[in-house]
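Everything on this sheet refers to the single structure shown next.
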Amino acid sequence: MSDSMDYFGSENEIFRNKELLQVSHLPDGDRIIGREDELSDLANAIKPATRGNTPNNVLVYGKTGTGKSLCSKFITTQAVERAERNDVSIGVAYVDCLQESTETQAVQSAGHQLNDQPETDISIPHSGLSTSEYYRRLWRIIDTRYDVALIILDEVDKIEDDDILMQLSRAVESGKLTSSTVGVIGISNKVRYKDSLDERIKSSLCEREYVFSPYDATQIREILRSRSDAFHEGVLEDGVVPRVAALAAREHGDARKAIDILRFAGEIAEENDLETVTEDCVDQAHEREETSRLAELISKSPSHAKLVLEAMALLTQQKEGDDAPVTTNEAYDLYKRLCERDQSDHLKLRRVRDILSELEFLSIIEQERKWAGKGKGNYMENRLIDDPAVILAACNESE
DNA sequence: CCAGATTTCCATAAAAACTAGA
DNA sequence: TCTAGTTTTTATGGAAATCTGG
């Protein structure tokens, strides 16, 4: 795992093993810092699964970068290993509900991860089946391959339909599964999420609830140190780790952000051919980090959403104030011209309105409906949350 | 046939401007 | 002059229809 071949060894003085700085990197047991209580809570809830019994369904709350996904993935892989010793087979599916935002897609994804076509002779086509057929196949796969299936639903609050929670959390009692059982781990950033749930779902999904608190400054520093093996000996200057930690602390102790910044700092040192990673690199890395999350979001968006955003960014730049609002019609007119530029046909206004509200949902823009009075009707003000220049860069980058 | 994307159609909200009544 | 009620307007957003790729 951690012995990737270093083909450019002599030239690459900065990184020894960059994988350690991948946020999704699963550290060894002793490398999850400051989450001991959370891990044992989770382990407790999952425990029955290792003996082939139905685990407790869990709902995990916490702000971004508090280790929710990491701990969930970690504890489930541990559970799989432990279960093997008891001759129990556990299957784990990790569904990112931000990507798989509908019930069907989520079930499809879970099925795909748990499946092994040669063994089960069940195929999970990318599309074309009814939702219920995806469910049927999922149940069959679980029944044939596993004793217990653990399904992690990351960012559950982003899913449009509550039905999947109902189906999964009650699969056993409703007799969909005969020889197996299912456990659900729901992860959400919103503490309020539970309130929006149907009573029946609440009672079955929320058997256990845990809140992950933000890391404090000391823990962030520890996390960074534990991952500094990613760098060669002595490459990190003394001030670097504290400086990164300080930046992350400003952001409610977001460990993901801290790790990203550290990685970018290394990359910047590398690009500039420096011997060491300096505090200066960290400051530049901070800026790059702010851009990168946005760029990632944008690059995953459909092309027309990018054009709408581009139109908004251009219009915002044209206007005087920094956060000048743009009306939907202004944006739509420019969007149409951008489509002509790309010689593709434009979407209709109604669809663009929906795209704008999707962008609002992703916290890329803010919307406010305004009324102008008699004879003037109403209009929507859309304003970019981030710097238009950054948006434009992100739009162009992902062509 | 299915889900998901897009289009078509249309009732509606809200507040300044206008009107009638006091 | 002040008040209460009515008019006017348009983008919005819900719902249904239609299209598309598999």
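Every chain is numbered from 1 and lettered A, B, ... according to where its sequence line falls, protein lines coming before strand lines. Computed from a prediction, not measured in an experiment: that's the story for all the values here.
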Checking side-chain contact (heavy atoms from CB on, under 4.5 Å) against A/V241, which of A/I220, A/L236, A/I223 comes through? A/L236
5'-most to 3'-most nt of DNA chain C touching chain A (<4.0 Å, heavy-atom partner on protein side) reads C/dT7 to C/dG22
In terms of side-chain geometry, is the basic nitrogen of A/E222 or A/R225 positioned less than 4.0 Å from the acidic oxygen of its partner? no
Residues that A/K348 engages under side chain to side chain contact (heavy atoms under 4.5 Å, CB included), provided they are two or more places apart: none
Keeping to residues at least two apart or across chains, list the salt bridge (charged side-chain N to carboxylate O under 4.0 Å, His left out) pairs with something in residues 115-134 of chain A. A/E119-A/R145, A/E133-A/R136, A/E133-A/R137
Only one of A/T278, A/D238, A/D280, A/D283 passes side-chain hydrogen bond (donor to acceptor under 3.5 Å, both in side chains) with A/R243; say which it is. A/D283
For residues A/S188 and A/D157, is any side-chain donor paired with an opposing acceptor at under 3.5 Å? yes
Write down the protein N/O and nucleotide N/O pairs, taken from nucleotides 9-14 of chain B, whose separation is under 3.5 Å; answer none if there are no such pairs.
unit_1: B/dA14; atom_1: O4'; unit_2: A/W371; atom_2: NE1; d: 3.1

Going by side chain to side chain contact (heavy atoms under 4.5 Å, CB included), name the residues that satisfy it together with A/L274, two or more places apart in sequence or in a different chain. A/A269, A/N272, A/C281
Would you give me the side-chain donor-acceptor pairs under 3.5 Å for residues 41-53 of chain A, sequence neighbours excluded?
unit_1: A/T50; atom_1: OG1; unit_2: A/K47; atom_2: O; d: 2.7

Output the rounded distance in Å from OH (A/Y379) to P (B/dA16). 11 Å
Rounding to an integer number of Å, can you tell me how far A/D354 CG sits from B/dT8 P? 14 Å
Report the residues that fulfil ring-ring contact (aromatic ring centres under 6.0 Å, His included) with A/F231, sequence neighbours left out, ordered by chain and then residue number. A/F15
Any residue of residues 120-135 of chain A with a heavy atom less than 4.0 Å from an atom of DNA chain C: A/S127, A/G128
Presence of A/K348 side-chain N/O under 4.0 Å of B/dT8 phosphate oxygens OP1/OP2: yes
Axis-to-axis angle across the helix from B/dC1-C/dG22 to B/dA22-C/dT1, five pairs each end, nearest 10 degrees, ~ 10°
Salt bridge check, A/E358 against A/R351: does any charged N sit closer than 4.0 Å to a carboxylate O? yes
Cation-pi check, A/R192 onto A/Y61 ring (under 6.0 Å, within 45° of axis): no
Heavy atom of residues 99-109 of chain A under 4.0 Å from DNA chain B: which residues? A/T102, A/T104, A/Q105
Pick base, sugar-phosphate or nothing for A/N329, based on heavy-atom distances below 4.0 Å to the nucleic acid. sugar-phosphate
Could you tell me which residues satisfy side chain to side chain donor-acceptor pair (under 3.5 Å) with A/K202, sequence neighbours excluded, listed by chain and number? A/E199
Taken in chain and number order and not counting sequence neighbours, the residues that satisfy side chain to side chain donor-acceptor pair (under 3.5 Å) with A/D154 are A/S69, A/Y94
Polar side-chain atom of A/Y146 near backbone of A/I141 as donor-acceptor pair, under 3.5 Å: no
Is there a side-chain contact (heavy atoms from CB on, under 4.5 Å) between A/E233 and A/R16 once you walk through the steps? CA-CA 9 Å; A/E233 206 77 36; A/R16 175 194 298 169; 3.4 Å; yes
